[in-house]
Engineer: 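Take this structure, written in structure tokens, and hold onto it; I'll ask about it next.
Letters A, B, ... are given to chains in the order of the sequence lines, protein chains preceding strands, and every chain is numbered from 1. The analysis underlying the following values was restricted to heavy atoms, covering all of them including side chains, and did not include hydrogens, waters or symmetry mates.
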2 protein chains.
Amino acid sequence: MNRYMEIYADLKSRILNKTYLTGTLLPSENKLATHYQVSRETIRKALVLLLENGYIQKKQGKGSIVLDVQRFDFPISGLTSYKELQDSQNIHSQTLVHSLEKIRISKEFSAKIDLPINTEVWALMRQRKIDGEVIILDKDYLLTAIVPTLPIEEAENSIYLFLETKKQLAISYAQKEIVVEKVTEEDQQLMTLREEDTHVVVVRSRVYLEDTRLFQYTESRHRLDKFRFVDFARRRHA
Amino acid sequence: MNRYMEIYADLKSRILNKTYLTGTLLPSENKLATHYQVSRETIRKALVLLLENGYIQKKQGKGSIVLDVQRFDFPISGLTSYKELQDSQNIHSQTLVHSLEKIRISKEFSAKIDLPINTEVWALMRQRKIDGEVIILDKDYLLTAIVPTLPIEEAENSIYLFLETKKQLAISYAQKEIVVEKVTEEDQQLMTLREEDTHVVVVRSRVYLEDTRLFQYTESRHRLDKFRFVDFARRRHA
DNA sequence: TAGTGGTCTAGACCACTAT
DNA sequence: TAGTGGTCTAGACCACTAG
């Protein structure tokens, strides 16, 4: 752990602890530098993390204002996965692996995702149950070249967890798209849909590793009434 | 303009120009520092901007890899407003101001947005037409305490543009929520909905100023078939 | 005017990648 | 081993806020 990460974690916990109250100012950068026995630039790196994650707002000549962090709950934003979400929200749910098989990318599919025809991938389909109803249908495609084995027990939990801890793969960034589409026959069969459900929310993601290789394509299909996406956004000044 | 912003802009344009090609490495930080006649830390600040905006991917011991920026088009993410979006996408559209009036926050409404009861706000309702059809219905509420006057001509364009250039208000960050809801009677009357449109996508935003004051609450209602949200996300390491 | 955050420097050492 | 990015320092000057 780097020094500025440690300081970030410490300040963050103090904000969550209410040691630093909403609306008040953090100690100045110089004071923090003295307190943590580091240079001011190191403090500033920690503060950038607080800023980016919505814990503080900085104002030149004034200081760092603590934000109301309670309001910014439920961060599906970023690359948070279903399992992480579930843990943080105490949602009682269950994952059913519907199918797991090796396939090769067809011509039509190749156009949709940007993988060459015939690339071998794991095709994983999972149903996410909440209170006995299948609310989400997850369709994942992972390159077998990067993930040779995919135990079915792992698929029942978080794939990200498995890949990051056991396979030492560094997931770095993703492109995500949210649209609403008409339900397919597959949705009808595999999800708990009501009569009024003519559409589902579809979240498509392409996930890349640190070395910029694409290794996962995901299609997550959500029942309309259970879908919610929350984002904390800072205005780009560039 | 700061030096690192200038360097960011320059490197960004070179990437878009194809001076630096997708998949190749940028010159090393030391070389860039020599070339731009600045210290390495200044170069690093410029590279952080490229990183955050999805132009490069860095790898320790290797270098900064140029990403395929074409793929990351259509950024509704962040705080981009409708007008900015329209400009960058060449969409032919039209904005109709349906109503603009001063109102006071009611008890029920106060619970939904976090403003005290009786706060005076501008209530602005706009219809967004594309190819003759009203696709989006925007409902904005702006604090009159912060924006005393709101000319109707300005409302027909971008409110952000008006506030930032003419009123010198610094918009800083927002919390955004996307859900799907049943159409209301109001939607039926003010939007071009088809028989199958039983739901609309609702994007709710709370927008804050640099001094952390909330000053705008927005509800943007989109026809299902025309809604698309794209996001570039980096995995949080904290 | 004193104190704050914003920018920038010149140098150091470390961890990682490639050869 | 040479070169890369990652971290950290101690200091400087500037722009902004508030009393």
Side-chain angles (χ1 to χ4, degrees), chain A residues 1-11 20 23-52 55-67 168-170 172-173 209-213 234-238, chain B residues 1-11 20 23-52 55-67 168-170 172-173 209-213 234-238:
Chain A
M1 182 82 106
N2 305 321
R3 197 75 186 93
Y4 75 90
M5 296 283 258
E6 284 175 16
I7 295 169
Y8 163 67
D10 191 51
L11 291 173
Y20 297 129
T24 64
L25 296 175
L26 287 187
S28 75
E29 296 180 349
N30 281 320
K31 281 181 186 141
L32 289 172
T34 306
H35 176 259
Y36 287 104
Q37 288 287 297
V38 296
S39 73
R40 193 177 145 225
E41 284 289 353
T42 301
I43 292 294
R44 284 177 60 76
K45 278 189 186 163
L47 294 185
V48 163
L49 290 179
L50 289 175
L51 188 74
E52 284 175 351
Y55 291 99
I56 62 168
Q57 172 66 10
K58 303 182 88 179
K59 192 74 196 288
Q60 193 174 42
K62 185 124 178 255
S64 299
I65 306 159
V66 179
L67 297 183
Q168 300 286 11
L169 285 173
S172 182
Y173 60 96
L209 300 177
E210 277 191 352
D211 59 9
T212 78
R213 283 184 297 174
R234 283 193 177 275
R235 185 136 175 93
R236 300 183 193 284
H237 298 288
Chain B
M1 181 83 106
N2 305 320
R3 198 73 185 94
Y4 75 90
M5 296 282 259
E6 283 175 16
I7 295 170
Y8 163 68
D10 191 51
L11 290 173
Y20 297 129
T24 64
L25 296 175
L26 288 186
S28 74
E29 296 180 348
N30 281 320
K31 281 182 186 139
L32 289 172
T34 306
H35 177 259
Y36 288 103
Q37 288 287 297
V38 295
S39 73
R40 193 176 143 225
E41 284 289 352
T42 301
I43 291 296
R44 285 176 60 75
K45 277 187 186 163
L47 295 185
V48 163
L49 290 178
L50 289 175
L51 188 75
E52 284 175 350
Y55 291 98
I56 62 168
Q57 171 67 10
K58 303 182 88 178
K59 192 74 195 288
Q60 193 174 40
K62 186 124 179 256
S64 299
I65 306 159
V66 178
L67 296 182
Q168 300 286 9
L169 285 173
S172 182
Y173 60 96
L209 300 176
E210 277 191 353
D211 58 11
T212 79
R213 284 185 296 174
R234 282 193 179 275
R235 184 137 177 94
R236 299 182 192 285
H237 298 288

Engineer: Is B:L26 close to B:Y55 at the side-chain level, that is, under 4.5 Å between some pair of heavy atoms?
Structural biologist: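 With C-beta onward as the side chain, the pair stays apart.
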Engineer: Answer yes or no: does a side-chain N or O of A:S39 lie under 4.0 Å from OP1 or OP2 of D:dA10?
Structural biologist: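 For D:dA10, OP1/OP2 do not have a side-chain N/O of A:S39 under 4.0 Å.
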Engineer: Give the rounded distance in Å between these two atoms: CG of B:N30 and P of D:dG6.
Structural biologist: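 In whole Å, D:dG6 P lies 12 Å from B:N30 CG.
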Engineer: Which helical stems does DNA chain D take part in, if a stem means at least 3 consecutive Watson-Crick or G-U pairs with both distances below 3.5 Å?
Structural biologist: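 Paired runs of 3+ in DNA chain D: C:1-18 with D:1-18.
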Engineer: Using atom CE of B:M5 as one end and atom P of C:dG6 as the other, report the distance to the nearest whole Å.
Structural biologist: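 These atoms are roughly 13 Å apart.
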Engineer: With respect to the phosphate group of D:dT7, does any side-chain polar atom (N or O) of A:Y4 fall under 4.0 Å of OP1 or OP2?
Structural biologist: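 Affirmative; the distance criterion is met.
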Engineer: Can you tell me the distance, in whole Å, between the CZ atom of A:R44 and the C1' atom of D:dT7?
Structural biologist: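 After rounding, the reported distance stands at 16 Å.
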Engineer: Throw together a table of side-chain donor-acceptor distances under 3.5 angstrom for residues 60-67 of chain B, partners on residues two or more places apart or in other chains.
Structural biologist:
none

Engineer: Please tell me if the side chains of A:L11 and A:I56 come closer than 4.5 Å, counting only heavy atoms from C-beta onward.
Structural biologist: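 No, side chains not in contact.
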Engineer: Suppose we call a contact any N or O donor and acceptor under 3.5 Å apart; does that hold for the side chain of A:R3 and the base of D:dG6?
Structural biologist: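 Answer no: no donor N or O sits under 3.5 Å from an acceptor.
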Engineer: Rounded to whole Å, how long is the line connecting atom CG of A:L25 with atom P of C:dG5?
Structural biologist: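 Interatomic distance, CG of A:L25 to P of C:dG5: 8 Å.
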Engineer: Taking the side chain from A:R3 and the backbone from A:I43, do they hold a donor-acceptor pair closer than 3.5 Å?
Structural biologist: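 Checking the backbone N and O of A:I43 against the side chain of A:R3, no donor-acceptor pair under 3.5 Å is found.
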Engineer: Considering heavy-atom distances to DNA chain D, does A:I43 or B:L47 have its closest nucleotide positioned more toward the 5' end?
Structural biologist: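 On the 5' side of the pair lies B:L47.
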Engineer: Under 4.0 Å between a side-chain N/O of A:K59 and OP1 or OP2 of C:dT4, yes or no?
Structural biologist: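 No, no such contact exists.
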Engineer: Closer to the 5' end of DNA chain D via nearest nucleotide, is it A:R40 or A:K62?
Structural biologist: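 Result: A:R40.
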Engineer: If you compare all heavy atoms of B:Q57 against all heavy atoms of B:L51, which two are closest, and at what distance to 0.1 Å?
Structural biologist: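 So the minimum-distance heavy-atom pair works out to CA-CD1, 4.1 Å.
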Engineer: Is there a side-chain contact between A:K45 and the phosphate of D:dC8, meaning an N or O under 4.0 Å from OP1 or OP2?
Structural biologist: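 A:K45 to D:dC8 OP1/OP2: no side-chain N or O under 4.0 Å.
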Engineer: Would you say a side-chain N or O of B:T42 is under 4.0 Å from OP1 or OP2 of C:dT7?
Structural biologist: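 For C:dT7, OP1/OP2 do not have a side-chain N/O of B:T42 under 4.0 Å.
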Engineer: What's the separation between atom CG in B:D10 and atom NE2 in B:H35, rounded to the nearest 0.5 Å?
Structural biologist: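 Here the interatomic distance stands at 7.5 Å.
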Engineer: Answer yes or no: side-chain N or O of B:Q60 and base N or O of C:dC14 forming a donor-acceptor pair under 3.5 Å.
Structural biologist: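 Check fails, no donor-acceptor contact within cut-off.
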Engineer: Check the distance between C:dA10's P and B:E29's CD and give it to me in whole angstrom.
Structural biologist: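 Between P of C:dA10 and CD of B:E29: 16 Å.
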Engineer: For a 4.5 angstrom cut-off between non-hydrogen side-chain atoms, does A:Y20 reach A:L25?
Structural biologist: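 No, every pair of side-chain atoms sits at 4.5 Å or beyond.
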Engineer: Can you tell me the distance, in whole Å, between the OH atom of B:Y36 and the P atom of C:dT7?
Structural biologist: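 These atoms are roughly 18 Å apart.
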Engineer: In whole Å, what is the span from the NZ atom of B:K58 to the P atom of C:dT17?
Structural biologist: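 Rounded to the whole Å, the gap is 15 Å.
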Engineer: Take the protein atom CG of A:L32 and the nucleotide atom C1' of D:dT9, then report the distance between them rounded to whole Å.
Structural biologist: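 Going from A:L32 (CG) to D:dT9 (C1'), I get 17 Å.
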